[in-house]
Asks: 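Before I ask anything, here is the structure I am working with.
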Amino acid sequence: MTESEFQEFMITVGYRYNEKLKFAFNSFEGFRTVIKFCEKKSRYSLTVKTGTSSAAELKKRLKEYETKHKNYVAKAKYSDKYIKINLKITIDSDIDKEELKQLVHFMTELFKAEILQPLCEVCSRPRKTGLYIVGTEPVAICDNCLVRKKRQYEIRKNKFIKKKQNMKLGLIGAFFGAVFGACIYILLYQFIPTFGTGGIMVIIPSFMGFVITGRRATVKSALICAGISGIIFLIAEYLAMVASMAILIERNGGGIAVSEAFDVINASFKDISYIMPVITDTIVGFVLMIITGVIYFLKRAFTRPLKISNNIL
């Protein structure tokens, strides 16, 4: 079934539809039921927050439903005070419509059975709720939690808006943070195998240095920090090898000969057997830097204040 077919069908069984976020929703006896159209996962995903007077009875009914529709039900479980049911999206729209119709009927019968109790998704208490979109997710929220979450949103939004970025100081902080991390990497390189972890040791202090001195990070500043960290990581990798060679020469009775260590390392780059492990470690370092950058962007996404819509019921 296509999304448009899903939308049209869900309206016929008493659900409303949010086109932007691709989910159908319904309110019955205080229960706020959401069914998402998950095209990438090939699933229709139902969730509803609920308490129960008999978890055993509820799980038994879910198991019976799953067994009866075993060819089309991917999951039917009750956990963490949520009923979660996933139906497979098939190539036959008529089958999908019939299975969704059966699912809606099953949930209606469950709600009428008086073993369930609608809950607020924030405080998990049996209170009257509305359905709100928090960020990109539909959430059933009671009035008390709504007031508190909106207050938190306003505080965080104002704090976020008022925080001004200082790019110049941020770049200085990013540079010195990266250099600090590079010094630690060069030191550790002399004692333990690092396997390219210098990438993390350089980029994390760089991000931290920018945030501390620049106050507010952006996508642009993150990319600049990554560029600075990449260059300093390459320099650190080279200097770590030079330092290691200088120590080796000194231990063999050659005295402290840094310039000789530079000459030896530079000459070694012509030996493919020597350079390959270096290239491998460098690639690993850059991969770890990329992973750290991705985690940083995810952190920014999750720490941004989430806007709360009006009640969509």
Asks: So, does Ser244 use its side chain to make a donor-acceptor pair with the main chain of Ala240 at under 3.5 Å?
Replies: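 Such a contact is absent between Ser244 side chain and Ala240 backbone.
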Asks: Kindly say whether Ile200 contributes a backbone atom to a donor-acceptor pair with the side chain of Thr292 at under 3.5 angstrom?
Replies: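 Not confirmed, Thr292 side chain does not pair with Ile200 backbone.
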Asks: Could you tell me if His69 and Gln102 have a donor-acceptor pair between their side chains, going purely by distance under 3.5 Å?
Replies: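 No, no side-chain donor-acceptor contact under 3.5 Å.
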Asks: Any chance the side chains of Tyr185 and Glu237 put a donor and an acceptor closer than 3.5 Å?
Replies: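 Tyr185 vs Glu237: donor-acceptor pair found between side chains.
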Asks: Determine the minimum heavy-atom distance between Gly230 and Met289, stating which atoms define it.
Replies: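 Here Gly230 and Met289 meet closest at N-CE, 3.4 Å.
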Asks: Roughly how far, to the nearest 0.5 Å, is CD of Glu137 from CD of Glu121?
Replies: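 Going from CD on Glu121 over to CD on Glu137, the span is 9.5 Å.
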Asks: Does Phe180 CZ have over 12 foreign heavy atoms under 6.0 Å away?
Replies: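 Atom CZ in Phe180 is not crowded, with 12 or fewer foreign heavy atoms closer than 6.0 Å.
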Asks: Could you tell me whether a side-chain N or O of Arg16 sits under 3.5 Å from a main-chain N or O of Ile312, the two making a donor and an acceptor?
Replies: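 Indeed, once roles are kept as given, a pair shorter than 3.5 Å links the two residues.
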Asks: State the CZ-CD1 distance between Phe6 and Ile35, to the nearest 0.5 angstrom.
Replies: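 Atom-to-atom, Phe6:CZ and Ile35:CD1 are 6.0 Å apart.
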Asks: Honestly curious: do Leu131 and Phe111 fall in one hydrophobic cluster under the side-chain, below-4.5 Å linking rule?
Replies: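 Cluster IDs for Leu131 and Phe111 differ.
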Asks: Tell me, do Val48 and Arg32 make a side-chain contact under 4.5 Å, heavy atoms counted?
Replies: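 In short, these two side chains do not touch, never coming nearer than 4.5 Å.
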Asks: Output the distance between atom CG (Leu288) and atom CE (Met201), rounded to the nearest 0.5 Å.
Replies: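 Here the rounded value is 10.0 Å.
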Asks: Under a 4.5 Å side-chain heavy-atom rule over Ile, Leu, Val, Met, Phe, Trp and Tyr, are Ile204 and Ile291 clustered together?
Replies: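 Ile204 clusters together with Ile291.
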Asks: Using 0.5 Å steps for rounding, measure from the CD atom of Gln190 to the CE atom of Met241.
Replies: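 So the gap between those two atoms works out to 11.0 Å.
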Asks: Test ring-ring contact (aromatic ring centres under 6.0 Å, His included) on Phe233 and Phe286 and set out the steps.
Replies: CA-CA 9 Å; Phe233 169 59; Phe286 276 112; 5.5 Å; yes
Asks: Starting from the C-alpha separation in whole Å, work towards a yes-or-no answer on ring-ring contact (aromatic ring centres under 6.0 Å, His included) for Phe37 and Phe23.
Replies: CA-CA 6 Å; Phe37 179 79; Phe23 69 84; over 10 Å; no
Asks: I'd like to know if Glu66 pairs up with Lys70 as an ion pair, taking the criterion as any Lys NZ or Arg NE/NH1/NH2 lying under 4.0 Å from an Asp or Glu carboxylate oxygen.
Replies: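 Answer for the salt bridge query: no.
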Asks: Please check if any side-chain donor atom of Glu3 sits under 3.5 Å from a side-chain acceptor atom of Tyr17, or the reverse.
Replies: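 Yes.
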Asks: Kindly check if the number of other-residue, nucleotide or ligand heavy atoms within 6.0 Å of CG (Asp80) is above 12?
Replies: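 Counting other residues, nucleotides and ligands, CG of Asp80 stays at 12 neighbours or fewer.
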Asks: Mind listing the closest non-hydrogen atom pair of Lys49 and Cys120 along with its distance?
Replies: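 Looks like CE-O, 3.7 Å.
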Asks: Should Ile203 and Leu239 be counted in the same cluster of Ile, Leu, Val, Met, Phe, Trp and Tyr side chains packed under 4.5 Å apart?
Replies: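 Yes; tracing contacts between hydrophobic side chains, which count when under 4.5 Å, links both residues.
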Asks: According to a hydrophobic-cluster definition based on side-chain heavy atoms being under 4.5 Å apart (Ile, Leu, Val, Met, Phe, Trp, Tyr only), do Leu116 and Phe25 belong together?
Replies: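 Different clusters: Leu116 never reaches Phe25 through Ile, Leu, Val, Met, Phe, Trp or Tyr contacts under 4.5 Å.
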Asks: Can you check whether Ile231 reaches Phe175 side chain to side chain, under 4.5 Å on heavy atoms?
Replies: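 No, side chains not in contact.
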Asks: Look at atom NZ of Lys59 and say whether more than 12 heavy atoms of other residues, nucleotides or ligands are closer to it than 6.0 Å.
Replies: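 No, not enclosed.
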Asks: State the NZ-CG distance between Lys36 and Asn86, to the nearest 0.5 angstrom.
Replies: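 Separation between the atoms: 10.5 Å.
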Asks: Just do the side chain to side chain donor-acceptor pair (under 3.5 Å) check on Ser54 and Lys60 with the steps written out, would you?
Replies: CA-CA 10 Å; Ser54 177; Lys60 176 185 175 184; over 6 Å; no
Asks: Using the side chain to side chain contact (heavy atoms under 4.5 Å, CB included) definition, which of the options Val13, Thr33, Val73, Leu46 pairs with Leu103?
Replies: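 Between Leu103 and the candidates, side chain to side chain contact (heavy atoms under 4.5 Å, CB included) is satisfied uniquely by Leu46.
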Asks: With rounding to the nearest 0.5 Å, note down the distance linking OG in Ser79 to NZ in Lys77.
Replies: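 Reported value, rounded in 0.5 Å steps: 7.5 Å.
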Asks: Tyr82 ring centre to Lys84 NZ or CZ under 6.0 Å, with the angle to the axis within 45°?
Replies: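 Yes.
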Asks: Do Ile133 and Ile308 sit in the same hydrophobic cluster, where Ile, Leu, Val, Met, Phe, Trp and Tyr count as joined when their side-chain heavy atoms come under 4.5 Å apart?
Replies: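 Different clusters: Ile133 never reaches Ile308 through Ile, Leu, Val, Met, Phe, Trp or Tyr contacts under 4.5 Å.
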Asks: If you look at every heavy atom in Tyr132 and Asn310, which pair is closest and at what distance?
Replies: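 Shortest heavy-atom separation between Tyr132 and Asn310 comes out as CD2-C, 3.6 Å.
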Asks: What is the minimum heavy-atom distance between Ser229 and Val202, and which atoms define it?
Replies: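 Closest pair (atom of Ser229, atom of Val202, distance): O-CG1, 3.6 Å.
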Asks: Given 3.5 Å as the limit, does a donor-acceptor pair link the side chain of Asn166 with the main chain of Thr213, or not?
Replies: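 No; judged by distance alone, with no hydrogens or angles, the pair does not exist.
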Asks: Just wondering, are more than 12 heavy atoms of other shown residues or ligands nearer than 6.0 Å to NZ in Lys88?
Replies: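 Result for NZ/Lys88: enclosed.
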Asks: Considering residues, nucleotides and ligands other than Ile279, do more than 12 of their heavy atoms fall under 6.0 Å from its CD1?
Replies: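 Above 12, so yes.
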Asks: Are Ser4 and Thr2 close enough that a side-chain donor and a side-chain acceptor fall under 3.5 Å?
Replies: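 Yes, Thr2 and Ser4 have a side-chain donor paired with an acceptor closer than 3.5 Å.
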